[in-house]
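Everything on this sheet refers to the single structure shown next.
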Amino acid sequence: QMQLVESGGGLVQAGDSLRLSCAVVGHRNSDYAMGWFRQAPGKEREFVGGIGWSAGTQKYADDMKGRCTISRDNTNNTGTLQMNSLKHEDTADYYCAVAPVRQHESAGVEAAWRYVYWGQGIQVTVSS
């Protein structure tokens with residue numbers, strides 16, 4: 001059974017940077033897309049960014065463009081979400097997720113329905 005273990009959250013100041021990691025365990029390879037989502041109190045879960053089966057396929061939410069970078073380490077089966085210039089509005093629980101069906105790649109990494117496995121969620125709090 002695949003398990004996603006997230007790390008790297010915490011409390012930061014506005015304008016700071018933060019890197020979230022998502023380790024994929026219980027899986028032999030990196031044949032999947034990885035997406036990042038967040039959910040703030042009182043709001044629905046929303047797409048942050050994602051990287052497809054290949055590193056060349058990436059997409060970011062409008063609010064994250066220019067200050068967010070998603071990467072993947074296929075050797076170590078780990079994904080990262082690098083966030084810069086953090087804002088108070090970025091405060092939320094962040095989730096990584098894995099979409100293991102290659103045929104769904106055409107739907108884009110922003111398609112939440114693709115994701116089968118989800119991380120436990122990690123809190124990111126950005127103070128003003």
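Remember, it's a predicted structure, so these values are computed and weren't measured experimentally.
Between Pro100 and Val116, the shortest heavy-atom contact is CD-CG2, 3.7 Å. Closest approach of Arg67 to Ser85, counting heavy atoms only: NH1-O, 3.3 Å. Minimum interatomic distance between Ala107 and Arg114 (heavy atoms only, all atoms of both residues): CB-CD, 4.2 Å.
Side-chain contact between Thr57 and Ile51 is absent, with no heavy atoms from C-beta onward closer than 4.5 Å. Annotation: side chain of Leu81 is in contact with side chain of Cys68 (closest heavy-atom distance under 4.5 Å). Side chains of Cys22 and Trp36 form a contact here, defined as non-hydrogen atoms less than 4.5 Å apart. Annotation: side chain of Val98 is in contact with side chain of Met2 (closest heavy-atom distance under 4.5 Å). The side-chain heavy atoms of Val124 and Leu20, taken from C-beta on, include a pair separated by under 4.5 Å. The shortest side-chain heavy-atom distance between Val12 and Thr125 does not fall under the 4.5 Å cut-off.
If you check the side chains of Glu89 and Thr91, you find no donor sitting under 3.5 Å from an acceptor. Checking Asn84 against Ser17 by side-chain atom types alone, a donor-acceptor pair falls below 3.5 Å.
With Arg38 as the fixed residue, the side chain to side chain contact (heavy atoms under 4.5 Å, CB included) test singles out one of Met64, Arg45, Lys43: Met64.
Checking side-chain atoms of Asn77 against main-chain N and O of His27 turns up a donor-acceptor pair under 3.5 Å. Put simply, the side chain of His88 never gets that close to the backbone of Ser127: no donor and acceptor are under 3.5 Å apart. At distances below 3.5 Å, at least one donor-acceptor pair connects side-chain atoms of Tyr60 with backbone N or O atoms of Ile70. Gln120 contributes a side-chain N or O that, together with a main-chain N or O of Glu6, makes up a donor-acceptor pair within less than 3.5 Å. Looking only at distances, a side-chain donor or acceptor of Glu105 sits under 3.5 Å from a matching main-chain atom of Trp53.
Residue Tyr94 is not grouped with residue Tyr115 when hydrophobic side chains (ILVMFWY) are merged at heavy-atom distances under 4.5 angstrom, including chains of intermediate members.
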For this session: Go through the steps to decide whether Thr78 and Asp73 satisfy the test side-chain hydrogen bond (donor to acceptor under 3.5 Å, both in side chains), and finish with yes or no.
Result: CA-CA 5 Å; Thr78 302; Asp73 184 342; 6.0 Å; no
Problem set entry | Working for side-chain contact (heavy atoms from CB on, under 4.5 Å), residues Ile122 and Asp93 | CA-CA 5 Å; Ile122 190 165; Asp93 289 333; over 6 Å; no
Problem set entry | Chi angles and distances behind the side-chain hydrogen bond (donor to acceptor under 3.5 Å, both in side chains) call for Gln82, Thr80 | CA-CA 6 Å; Gln82 176 71 42; Thr80 61; over 6 Å; no
Problem set entry | Steps toward salt bridge (Lys or Arg N to Asp or Glu O under 4.0 Å) verdict (Asp90, Lys87) | CA-CA 5 Å; Asp90 295 320; Lys87 311 171 183 178; over 6 Å; no
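Aromatic ring centres of Tyr32 and Tyr117: separated by at least 6.0 Å. Close placement of the Phe47 and Phe37 rings is indicated, their centers lying within 6.0 Å of each other.
With values rounded to the nearest 0.5 angstrom, Arg72 atom CZ is found 10.0 Å from Gln58 atom CD. To the nearest 0.5 Å, atoms CE (Met34) and SG (Cys96) are separated by 5.5 Å.
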